[in-house]
Chemist: 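Quick one: structure below, then a few questions.
We use all heavy atoms of the structure for the numbers below, so side chains are in, but hydrogens, waters and symmetry mates are not.
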Amino acid sequence: QVTLVESGGGLVQVGGSRKLSCVASGSTFTFSEYAMGWFRQAPGKDREFVATINNNGATTYYTNTVEGRFTISRDNAKNTVYLQMNSMQAEDTAVYYCARARRNWATNRPDDYEYWGQGAQVIVSS
């Protein structure tokens, strides 16, 4: 079993920055063998892909709406994946979820992810 715990959510002003963290744990889990991803769900909308990173951090992909503003990274020594969010907009308000992929390659498909965190609320206000 794998547990993912997000932190860093909260209230941020338009144009501001926020950094989310997600710590992974599990008795038979080797963090460095799996890709990780961030998804988000805004009120009244479906969950959507935000960013993904492969197992060694060499490959990243972003949805178009956050490209150039958000950065995904990971520290395999700490079993942690991060999402640095800059120039935030009201449309970024959502619950943000981290997820562990089934394989080592970066992917934007929700079905490619096996474990999900409980989510971290981010509210962007003006």
Side-chain angles (χ1 to χ4, degrees):
Q1 186 67 21
V2 174
T3 301
L4 303 173
V5 179
E6 301 97 337
S7 62
L11 183 65
V12 60
Q13 291 190 331
V14 170
S17 298
R18 199 83 181 178
K19 186 173 185 177
L20 301 180
S21 300
C22 172
V23 178
S25 62
S27 59
T28 59
F29 171 51
T30 303
F31 183 75
S32 61
E33 293 181 353
Y34 297 92
M36 298 293 293
W38 286 95
F39 292 75
R40 66 185 180 186
Q41 186 167 19
K45 295 187 177 181
D46 293 333
R47 188 175 300 189
E48 66 170 352
F49 165 76
V50 177
T52 180
I53 187 168
N54 76 327
N55 65 311
N56 64 12
T59 301
T60 58
Y61 298 120
Y62 300 89
T63 189
N64 288 343
T65 54
V66 309
E67 182 85 50
R69 299 189 298 121
F70 289 12
T71 302
I72 187 172
S73 61
R74 65 190 294 160
D75 185 338
N76 286 345
K78 296 182 178 180
N79 283 13
T80 302
V81 62
Y82 305 97
L83 186 67
Q84 176 67 47
M85 304 181 289
N86 299 328
S87 302
M88 297 194 73
Q89 304 166 5
E91 297 74 34
D92 295 321
T93 294
V95 177
Y96 284 74
Y97 299 89
C98 76
R100 197 213 77 177
R102 301 177 188 274
R103 299 290 185 264
N104 62 338
W105 56 78
T107 173
N108 64 354
R109 298 178 60 229
D111 287 347
D112 289 338
Y113 290 84
E114 185 173 11
Y115 294 99
W116 296 78
Q118 292 299 306
Q121 176 73 61
V122 175
I123 299 174
V124 184
S125 70
S126 55

Chemist: For E6 and L20, indicate whether the former's side chain and the latter's backbone hold a donor-acceptor pair under 3.5 Å.
Modeler: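 No; zero donor-acceptor contacts below 3.5 Å.
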Chemist: Return the OG to CD distance between S126 and Q89, rounded to the nearest 0.5 Å.
Modeler: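 Result: 12.5 Å between the selected atoms.
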Chemist: Taking the ring of F39 and the ring of W116, is the distance between their centroids below 6.0 Å?
Modeler: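 So the answer is yes for these two rings.
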Chemist: If we only count heavy atoms from C-beta on, is the Y97 to R47 side-chain gap below 4.5 Å?
Modeler: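 Yes - at least one pair of side-chain heavy atoms lies under 4.5 Å apart.
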Chemist: Find out if a path of hydrophobic residues (ILVMFWY) with successive side-chain heavy-atom gaps under 4.5 Å connects F70 to V124.
Modeler: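 Hydrophobic grouping puts F70 with V124.
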Chemist: Could you check if a side-chain atom of N108 sits within less than 4.5 angstrom of a side-chain atom of Y61, using non-hydrogen atoms only?
Modeler: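 A side-chain contact under 4.5 Å is absent here.
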Chemist: CD/E48 to CD/Q41 distance, rounded to the nearest 0.5 angstrom?
Modeler: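 It is 9.5 Å, given to the nearest 0.5 Å.
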Chemist: How far apart are the closest heavy atoms of T107 and A101, and which atoms are they?
Modeler: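 The pair with the smallest heavy-atom distance is CG2-CB, 4.5 Å.
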Chemist: Is it the case that the ring center of F29 lies less than 6.0 angstrom away from the ring center of Y34?
Modeler: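 Ring centroids of Y34 and F29 are less than 6.0 Å from each other.
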Chemist: Taking the side chain as every heavy atom from C-beta outward, state whether V81 and W38 have any atom pair closer than 4.5 Å.
Modeler: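 Yes, at least one pair of side-chain atoms sits under 4.5 Å.
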Chemist: Within a strict 4.5 Å, meaning less than it, do heavy atoms of the R100 and L4 side chains meet?
Modeler: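 A side-chain contact exists here, since the closest heavy-atom pair is under 4.5 Å.
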Chemist: Of the non-hydrogen atoms in G119 and V95, which two are nearest, and what is the gap between them?
Modeler: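 Scanning both residues completely, I find the closest heavy atoms to be CA-CG1, 3.8 Å.
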Chemist: If you count the non-hydrogen atoms of other residues, nucleotides and ligands that lie under 6.0 Å from CD in Q118, is the total more than 12?
Modeler: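 No, because the 6.0 Å sphere around CD of Q118 holds 12 heavy atoms or fewer from other groups.
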Chemist: Would you say F49 ends up clustered with Y96 if hydrophobic residues are merged whenever their side chains have heavy atoms under 4.5 Å apart, either directly or through other cluster members?
Modeler: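 The answer is no; the residues belong to distinct hydrophobic clusters.
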Chemist: Could you tell me whether a side-chain N or O of Y62 sits under 3.5 Å from a main-chain N or O of I72, the two making a donor and an acceptor?
Modeler: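 Looks like yes, one N/O pair under 3.5 Å.
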Chemist: Answer yes or no: is there a side-chain heavy-atom contact under 4.5 Å between V66 and R40?
Modeler: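 The answer is yes; the side chains approach within 4.5 Å.
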Chemist: Looking only at non-hydrogen atoms, find the nearest pair between S17 and Q84 and report the distance.
Modeler: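 Residues S17 and Q84, closest heavy atoms: CB-NE2, 3.9 Å.
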Chemist: Is there a continuous path of hydrophobic side-chain contacts, each under 4.5 Å between heavy atoms, that joins I53 to Y113?
Modeler: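 Shared cluster, no.
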Chemist: E91 versus T65: any side-chain heavy-atom pair under 4.5 Å?
Modeler: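 E91 vs T65: side chains apart.
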Chemist: Are a donor atom and an acceptor atom from the side chains of N55 and S32 found within less than 3.5 Å of each other?
Modeler: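 Absent: no donor and acceptor within the cut-off.
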Chemist: Would R74 and F31 count as a cation-pi pair here, with the cationic atom under 6.0 angstrom from the ring centre and within 45° of the axis?
Modeler: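 Judged by the rule (NZ or CZ under 6.0 Å from the ring centre, within 45° of its axis), R74 counts as positioned above F31.
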Chemist: Once you round to the nearest 0.5 Å, how far does CG of N54 lie from CE of M36?
Modeler: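 Atom-to-atom, N54:CG and M36:CE are 12.5 Å apart.
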Chemist: Is it true that, when you exclude R103 itself, more than 12 heavy atoms of the residues, nucleotides or ligands shown sit nearer than 6.0 Å to its CZ?
Modeler: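 Counting neighbours around CZ of R103, 12 or fewer heavy atoms of other residues, nucleotides or ligands fall under 6.0 Å, so no.
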Chemist: According to a hydrophobic-cluster definition based on side-chain heavy atoms being under 4.5 Å apart (Ile, Leu, Val, Met, Phe, Trp, Tyr only), do V14 and V12 belong together?
Modeler: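 Linked, V14 and V12 end up in one cluster.
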Chemist: If you measure from the Lys or Arg side-chain nitrogens to the Asp or Glu carboxylate oxygens, is any gap between D92 and R18 under 4.0 Å?
Modeler: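 A salt bridge is absent here (no side-chain N lies under 4.0 Å from a carboxylate O).
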Chemist: Is there side-chain contact between Y82 and T71, with heavy atoms separated by less than 4.5 Å?
Modeler: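 In short, these two side chains do not touch, never coming nearer than 4.5 Å.
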